[in-house]
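Predicted, not measured: the structure shown is a model, and the values here were computed from it.
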Amino acid sequence: MAKKKTYEQYLREELASLVEQLKLPDLYKQALKQRWIDQVVWADKKADQCRRMHYRLRLTTIISGVVLPALVGINMQLSKDNVFFRDWFPYVPFFLSQVIAVSAALEEFHRYGDRWRDYRKMAEDLKAEGWQYVQLSGSYDNLLEHIDGYANFASRVESIIKNDVQNYIATLQQQQAKENEQIKQIIKTANTVATDKTLFDRPQPVRLPQQQQQQLWGNPAPAGGLMPAAAPALPPAGAAGILQVRQNTEFKLSPQHSSLLPDNYKIWVGAGNSFGLISYAQADNNHLQVAIDRGIGAENRNVWFVSASDVAIVGNTGSSSPNLMVPPAAPAPMIAPTAAAPSPMMATSAAPAPMLSASPPAPTAPPAPPAPASSAPVASNGAIQLPVPFFSQRDNMEQPYRTCNTSSCAMVAKFLGANISGDDDYFQYVIKYGDTTDHSAQTQALTELGIQSTWNTNLDFDDVDKSLASGLPAVIGILHHGPPEAPSGGHMIVAIGRTAGGDYIINDPFGNLLDGYASEDGGGLTYSRRELTCRWTADGPKTGWGRLFYGNNPPGTSAQNAPAQTAPAQTAPVQTAQTLFASGTATAASPTASAQYMTGEQLIQIAGSKGPSDRLRQLASSLNEVLDRYQINTSLRICHFIAQVAHESDCFNAMEEYASGEDYEGRDDLGNTQPGDGVRFKGRGLMQLTGRSNYAEFSKAMNQDFIAQPQLVGQIPFAIWVAGWYWDTRKLNEYADRDDLEAVTLRVNGGYNGLEDRRDYLQKAKSVLRA
């Protein structure tokens, strides 16, 4: 039996037979076979190889990720009573976790998914160009013979190959830079491990000196369990109060039974210790996740899990917090009130723990103002919690890892009486107006449902407090990645209440921030004011982003007594770039006022596989403001603008030029008159602004000192604003109206570098925007 041909052989033979039918000299036919056909077959083969590897690694990661939680659950159940399982079964989830890590690392290192898309694009571009040439269609439709178009076809084939090579080199440079940083971090970590002699030591019990314990807790309690009225003061409270260890316990890195954890995952803490409590939240298995004000253990950790039955929380005022979970075995409240009887939760199996003394009678306070007319349960101490339903974005049918904004707005909409079943239902309203991350699309979707709201970039805690006091929750945007000292990312959550101590009760659609989002249940969490200060108002007072819902009737109110307050004025801080122009010039429109010309998804389609999706979605809002401000407001103008910035920024991957800028040192024509100006004022922005004099001009136009802070030009939103400003000062709209790519390119580039690449982006933009 004859051996079956491979697809590679079949494709090569079919294309070769087409070439043979063309009326071309033999030399031309040979060149087509050895260059065009060879590249088509090679790219097609590489795309298939990368696709198979991408699917294998992704499936391994996904399936293992699904199986792993089930194995952990089985381990916790079976290991309680079965010594055999307790000894060997923990190795199974450990091995599976390593499989997940290795498969994800291989995909990250080899970039099979990105390479598959790049090779497939190259193969299809070459095939499409070849079909147009063979059929004398497209750019060849005005030719009578193939010989007349051979030179143009050969040039376009080489251009496609050249662009692919350039893209590969640029991506490789970025990857090498990233890998160099990772290698430095690995070396730093390895050196830390090598020099840390206590890393593998068994954790020692944390005990305070006897004298200090006596100072904190006084003498042993007399009969009846009450302390004398003059008990010594506790240590300084943290943002959420004081954490008291009521009986010997263990602080752990996971909310599991201590017997299931290795020694280096737990540390013994004796009864009588107290810590300033920064924040806390409920965790699995009747545990709390706590962040304390001083690190303990070999790694000086501040964040731990602890059994809720072993600790008590006292607020800043000295009163016990009511927000701890109730142990399943004890229906009584976990925290005793400041009454004479001790709480069952605080008693140990050996002997009752000494109680703190009752607080002295407080002076009579003036009558509190009447509570707002809403369904919010307002406590006498000022705490409030609105009954806002919780929707998790992780179970959303569409884009579960991008829909925090949609899920957050859906919670509030449902609370305010919108006729929706949940966040999936609400998502269908949002996509009619734009992308889920587009705040103007959210405003329009809510309006359609009869919900009034305003998007703001100048909020503070007072604004949230006033909203909650009016019976209205608030959607706020936080930086949810990294530690509070250096946060990053972007995420939307709902403030549904406030504790008496000034912390906030949050519905977080992605889960629990405090455990790194290992937990998916984000309903009714307590995030400390300190945590939110770092993550919400990171740039200082009045820099919080969020959505307020004034003008709506909270549940339980009528139109006559609905809150009459108004949202704060839209005066954004300098670094959020909402008011960008000096007096005497036009003012940038607010996000809710600017027109919607493009969505993030349309940008992603134009950029293709090489474009950074997250950055493009972030750019969408600022891009629409720029298009509106500079009247880049027709399909043809937008297509030409996007084509130019896509090429100039290496498909939006570089908002700062790759070179150091040293070549610009001493360039008088750029205004670089001071030492270091070349590096300081290197090219930045989506149309790269270069040189001190150009930075000075942009500073004047934007009413912002970019001479002092030149790096801001390479960051969102200024990176897109500088492109719009440059476009406007060169009066490029009139050339775009003529659809004159060469004229636009000459005024942007000073020549025609990358003309074909710009042409490709222009055609993609016209296709996506139907221009």
### Query
Any ion pair linking Glu531 and Arg535 (charged N to carboxylate O, less than 4.0 Å)?
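Answer for the salt bridge query: yes.
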
### Query
Do the charged groups of Asp118 and Lys121 touch, with an N to O distance under 4.0 Å?
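No salt bridge links Asp118 with Lys121.
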
Value rounded to 0.5 Å, distance of [atom1] in [X] from [atom2] in [Y]:
X: Leu627; Y: Tyr597; atom1: CG; atom2: OH; answer: 7.0 Å
X: Leu513; Y: Gln289; atom1: CG; atom2: CD; answer: 9.0 Å
X: Asp503; Y: Ser528; atom1: CG; atom2: OG; answer: 5.5 Å
X: Leu459; Y: Asn456; atom1: CG; atom2: CG; answer: 4.5 Å
X: Thr526; Y: Gln385; atom1: OG1; atom2: CD; answer: 8.0 Å
X: Cys639; Y: Met598; atom1: SG; atom2: CE; answer: 7.5 Å

### Query
Is the distance between the ring centroids of Phe461 and Tyr504 under 6.0 Å?
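Close enough - the centres of the two rings lie under 6.0 Å apart.
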
### Task
Measure from the ring center of Trp727 to the ring center of Phe641 and say whether it is less than 6.0 Å.
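Under 6.0 Å, so yes.
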
Please name the pair of heavy atoms, one in [X] and one in [Y], separated by the smallest distance, quoted to 0.1 Å.
X: Arg547; Y: Cys409; result: NE-SG, 3.8 Å
X: Gly714; Y: Ala719; result: C-CB, 4.2 Å
X: Ile496; Y: Leu468; result: C-CD2, 3.7 Å
X: Gly523; Y: Asn507; result: CA-OD1, 3.5 Å
X: Gly489; Y: His481; result: CA-ND1, 4.1 Å
X: Cys404; Y: Pro509; result: O-CG, 3.9 Å

### Task
Please say which of Leu686, Val626, Ile716 ends up in a side chain to side chain contact (heavy atoms under 4.5 Å, CB included) with Trp721.
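The side chain to side chain contact (heavy atoms under 4.5 Å, CB included) with Trp721 is passed solely by Val626 among Leu686, Val626, Ile716.
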
### Task
Identify the residue among Asn405, Thr406, Thr403, Asn396 that makes a side-chain hydrogen bond (donor to acceptor under 3.5 Å, both in side chains) with Thr436.
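The single option meeting the side-chain hydrogen bond (donor to acceptor under 3.5 Å, both in side chains) with Thr436 is Thr406.
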
### Message
Using the rule side-chain hydrogen bond (donor to acceptor under 3.5 Å, both in side chains), only one of Arg58, His54, Arg56 pairs with Glu107; which is it?
### Response
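Of the listed options, the one satisfying the test is His54.
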
### Query
Which pairs, with at least one residue in residues 400-428 and sequence neighbours excluded, count as a salt bridge (Lys or Arg N to Asp or Glu O under 4.0 Å)?
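Those involving residues 400-428 are Arg402-Asp435, Arg402-Glu601.
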
### Task
Under the ring pair (Phe, Tyr, Trp, His ring centres under 6.0 Å) rule, collect the residues that match up with Phe390, sequence neighbours excluded.
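For Phe390, no residue satisfies ring pair (Phe, Tyr, Trp, His ring centres under 6.0 Å) once neighbours in sequence are set aside.
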
### Modelled atom types, side-chain donor and acceptor of Arg617 and Thr437, under 3.5 Å
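Their side chains do not contain a donor-acceptor pair, so the 3.5 Å distance test is not met.
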
### Task
Decide whether Glu448 and Tyr433 meet the rule of one side-chain donor and one side-chain acceptor closer than 3.5 Å.
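Judged by distance alone, the side chains do pair up.
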
### Message
Distance to the ring centre below 6.0 angstrom and angle to the axis at most 45 degrees; does that hold for Arg51 and Tyr112?
### Response
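Here Arg51 fails the 6.0 Å and 45° test against Tyr112.
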
### Message
Quick test of your reading: applying side chain to side chain donor-acceptor pair (under 3.5 Å), list the pairs with at least one residue in residues 483-493, sequence neighbours left out, ordered by first then second residue.
### Response
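Sorted result for residues 483-493: His491-Asp508.
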
### Task
Look at the side chain of Thr61 and the backbone N and O of Leu57, then say whether any donor-acceptor pair between them is shorter than 3.5 Å.
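Confirmed, Thr61 side chain pairs with Leu57 backbone.
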
### Query
Would Gln452 and Tyr550 count as a side-chain contact (heavy atoms from CB on, under 4.5 Å) if you check the C-alpha gap in whole Å, the side-chain angles of each, and the deciding distance to 0.1 Å?
CA-CA 7 Å; Gln452 299 184 46; Tyr550 291 119; over 6 Å; no

### Query
Should the pair Tyr55 and Trp116 be assigned to parallel (<30°), tilted (30 to 60°) or perpendicular (>60°) ring geometry?
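The arrangement is perpendicular - the two ring planes meet at more than 60°.
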
